2 protein chains.
Amino acid sequence: MSDTTHKRWVQHSNAVLRAAGLRASAGRTAVVELLSRQSCLLTAQEIADRLREEGSAGSTATVYRALETLHELGLLRRFDAEGVARYEPVDPSGDHHHHIVLEETGDVVPFDDAELERAIAGIGQRLGLIVTSHDIILRGRLIDDPPESD
Amino acid sequence: MSDTTHKRWVQHSNAVLRAAGLRASAGRTAVVELLSRQSCLLTAQEIADRLREEGSAGSTATVYRALETLHELGLLRRFDAEGVARYEPVDPSGDHHHHIVLEETGDVVPFDDAELERAIAGIGQRLGLIVTSHDIILRGRLIDDPPESD
DNA sequence: GTTATTGCAAACAATTTGCATATAA
DNA sequence: TTATATGCAAATTGTTTGCAATAAC
C-alpha cells in the first residue's frame with residue numbers, strides 16, 4: 001500500500017469506528033496507526049510489543065480487543081496459521097492480495113494475480129452460492145532456490 | 001472420497017508409516033481409521049471424542065501426536081481457523097478439494113473447481129516461483145439464504 | 001530385548017474475560 | 001456525567017511435553 005493509502009485507511013477506520021459508536025481512544029488508535037504503517041501480516045503479540053517499544057499505550061488485552069473490533073468491522077483481514085492469528089489492513093478500495101509462504105525461510109510474501117481473482121469471481125455462480133470473501137495461502141519456493149534436502 | 005478411496009488411503013498411510021520405521025500401533029491406527037471414514041475436516045478434540053465414544057484407544061496426547069506424524073508424512077492436510085486446527089486425509093491420487101464456510105451456520109462444505117485449479121497452476125510461472133501446495137477457504141452463503149441481518 | 005508408543009498430568013502458548021479504574025464525549 | 005476503554009491478573013482453550021508403564025517387532 002502506498003503512503004496515501006495508509007492515511008486513507010486510517011481515516012476510513014476512524015470513520016467506521018465513530019459510526020459504530022466507538023471512541024477515538026488511545027489504545028485502539030495506536031493499534032490502527034501501527035497497522036496502517038505495516039501493510040502485511042502482524043500477530044497480536046508483535047503489535048503489543050512494538051507499541052510498548054515506541055511508548056504507546058497497549059496492554060495485551062487492549063490489543064486483542066482492538067483487533068477483534070477492527071476485524072468485526074471489516075477493517076482487518078485475519079489469517080490463522082500454526083496456531084497464531086495474523087492481521088493486516090483491508091484496503092477500503094477493494095484491492096487485496098494473497099500470500100505465499102516460502103518453505104525455506106518461512107517468509108510470507110504478498111502477491112496478487114488477476115487470473116486467480118477471475119477464477120474466484122466465477123466460483124459463486126458455478127457452485128450456486130454467494131462468495132463473500134476468500135483466503136488463499138500458497139506454499140512454495142523461489143524458482144532459483146534449491147529444493148529442500150534435510 | 002469413495003469407499004475404495006478410503007481403503008486406499010488407509011493402505012497408503014500404513015505403507016508410508018511402515019516405510020518411516022513407525023509401528024502399526026493401536027492409537028495411531030485408530031486415528032487413521034477414523035480419518036479415512038471422514039473425508040472432511042476434523043479437529044483433534046473431535047477425533048479424540050469419537051474414538052473414546054467407540055471405545056478405541058486414544059488419549060488427547062496420542063491423537064495430537066498421531067496427527068502431527070501423519071501431517072509431517074504428507075498424509076493429512078491441516079487447516080487453521082478460529083484458533084483450532086482441522087485435519088483431513090490427503091488423497092494419494094492427487095485429487096483435492098477446497099472449503100467454503102457458510103456464514104450462517106459455520107458449516108464447512110467441500111467443493112472443487114477446475115477453473116480455480118487452472119488459475120493456481122499458472123500462478124507459479126506468472127510470479128516466477130514454484131508452488132508446492134495451496135490452501136483456499138471461501139466464506140459465503142447459499143444463494144437462497146437471506147443475507148445476515150443481526 | 002529393544003525401541004516405538006501410550007496415557008497421565010503438568011507445562012505452555014495464544015487468547016479471552018472480570019472487574020475496578022480512567023477517559024472520551 | 002455516563003458509557004466506552006483500559007490494564008491487570010486470573011481463567012480458558014488448544015496444544016505440547018516429561019516420564020514411567022506398555023506394546024510392537
Side-chain angles (χ1 to χ4, degrees), chain A residues 13-35 41-73 75-87 106, chain B residues 13-35 41-73 75-87 106:
Chain A
S13 299
N14 290 338
V16 171
L17 287 165
R18 228 177 299 127
L22 305 178
R23 296 173 181 178
S25 61
R28 194 165 43 218
T29 302
V31 172
V32 168
E33 241 304 304
L34 198 172
L35 276 163
L41 303 173
L42 283 181
T43 69
Q45 304 278 5
E46 286 165 350
I47 293 171
D49 290 348
R50 296 204 195 180
L51 288 183
R52 244 169 276 127
E53 275 175 31
E54 59 185 58
S56 317
S59 67
T60 328
T62 297
V63 171
Y64 278 103
R65 284 193 271 236
L67 292 173
E68 189 188 347
T69 303
L70 296 167
H71 184 237
E72 275 171 2
L73 293 173
L75 298 166
L76 293 182
R77 242 145 84 71
R78 170 186 166 142
F79 283 91
D80 282 81
E82 276 91 53
V84 234
R86 286 161 207 277
Y87 299 84
Chain B
S13 299
N14 290 338
V16 171
L17 288 165
R18 228 177 298 126
L22 305 177
R23 295 171 183 181
S25 61
R28 193 164 43 216
T29 303
V31 172
V32 168
E33 242 305 304
L34 199 172
L35 276 163
L41 302 173
L42 283 180
T43 69
Q45 305 277 5
E46 286 166 350
I47 293 171
D49 290 348
R50 297 205 193 178
L51 289 183
R52 244 169 275 128
E53 275 174 30
E54 59 184 58
S56 317
S59 66
T60 327
T62 298
V63 172
Y64 277 104
R65 284 192 272 236
L67 291 173
E68 189 187 348
T69 304
L70 295 167
H71 184 237
E72 276 171 1
L73 293 173
L75 298 166
L76 293 182
R77 243 145 84 72
R78 171 188 166 141
F79 283 91
D80 282 80
E82 277 90 53
V84 233
R86 286 162 207 278
Y87 299 83

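Atoms considered below: every heavy atom in the structure, side chains included; atoms not considered: hydrogens, waters and symmetry mates. Proteins get letters first, then strands, A, B, ... in listed order; numbering begins at 1 in each. Everything quoted here is computed from the prediction, not taken from an experiment.
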Enquirer: Excluding sequence neighbours, so at least two apart, what forms side-chain hydrogen bond (donor to acceptor under 3.5 Å, both in side chains) with R50(B)?
Expert: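 Residues passing side-chain hydrogen bond (donor to acceptor under 3.5 Å, both in side chains) with R50(B): Q38(B).
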Enquirer: What closest approach, in Å, do R86(B) and E46(B) show between heavy atoms, and which atom pair accounts for it?
Expert: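 So the minimum-distance heavy-atom pair works out to NH1-OE2, 4.1 Å.
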Enquirer: How would you summarise protein contacts on nucleotides 20-25 of chain C per nucleotide, using B for base, S for sugar-phosphate only and - for none, with heavy-atom distances below 4.0 Å?
Expert: ---BBS
Enquirer: Rounded off to whole Å, could you give me the CD-to-P distance for the E46(A) and dA13(C) pair?
Expert: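 For the pair E46(A) CD and dA13(C) P, the rounded distance is 16 Å.
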Enquirer: Which heavy atom in S13(A) sits nearest to a heavy atom in V32(A), and how many Å separate them?
Expert: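 Closest approach of S13(A) to V32(A), heavy atoms only: CB-CG1, 4.1 Å.
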Enquirer: Can you pull out the residues from residues 58-70 of chain A that lie within a 4.0 Å heavy-atom distance of DNA chain D?
Expert: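 DNA chain D contact set from residues 58-70 of chain A: G58(A), S59(A), A61(A), T62(A), R65(A).
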Enquirer: Could you tell me which residues satisfy salt bridge (charged side-chain N to carboxylate O under 4.0 Å, His left out) with R23(B), sequence neighbours excluded, listed by chain and number?
Expert: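 None.
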Enquirer: Send over the distance from R52(A) CZ to dT6(D) P, rounded to a whole Å.
Expert: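 Between P of dT6(D) and CZ of R52(A): 14 Å.
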Enquirer: If I take atom CD in residue E72(B) and atom P in nucleotide dT15(D), what distance separates them, rounded to the nearest angstrom?
Expert: 15 Å
Enquirer: Do you know which two heavy atoms are closest between R52(B) and G58(B), and how far apart they sit?
Expert: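 Nearest pair, atom of R52(B) first, then G58(B): NE-O, 3.7 Å.
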Enquirer: What is the distance, rounded to the nearest whole Å, between atom CZ of R78(A) and atom P of dA14(C)?
Expert: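 Rounding to the nearest Å, CZ of R78(A) and P of dA14(C) are 13 Å apart.
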Enquirer: Taking all heavy atoms of T62(B) and all of G27(B), pick out the closest pair and write down the distance.
Expert: CG2-CA, 4.0 Å
Enquirer: Which whole-number value in Å describes the distance from E82(A) CD to dC12(C) C1'?
Expert: 17 Å
Enquirer: Measure the spacing between OH of Y64(B) and CD1 of I47(B) and express it to the nearest 0.5 Å.
Expert: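 Between Y64(B) OH and I47(B) CD1, I get 9.5 Å after rounding to 0.5 Å.
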Enquirer: Taking side chain to side chain contact (heavy atoms under 4.5 Å, CB included) as the test, write out the residues that go with A61(B), two or more places apart.
Expert: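 Result, side chain to side chain contact (heavy atoms under 4.5 Å, CB included) vs A61(B): S59(B), R65(B).
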Enquirer: Let me know, please, whether T43(B) or R28(A) comes out on the 5' side of the other along DNA chain D by nearest nucleotide.
Expert: R28(A)
Enquirer: Applying side-chain hydrogen bond (donor to acceptor under 3.5 Å, both in side chains), can you list everything that pairs with E54(B), at least two apart in sequence or on another chain?
Expert: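 E54(B) satisfies side-chain hydrogen bond (donor to acceptor under 3.5 Å, both in side chains) with R37(B), S56(B) only.
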Enquirer: Expressed as a whole number of angstroms, how long is the span from L42(A):CG to dA14(C):P?
Expert: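 To the nearest whole Å, that distance equals 15 Å.
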Enquirer: Rounded off to whole Å, could you give me the CG-to-C1' distance for the N14(B) and dA4(C) pair?
Expert: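 N14(B) atom CG is separated from dA4(C) atom C1' by 16 Å.
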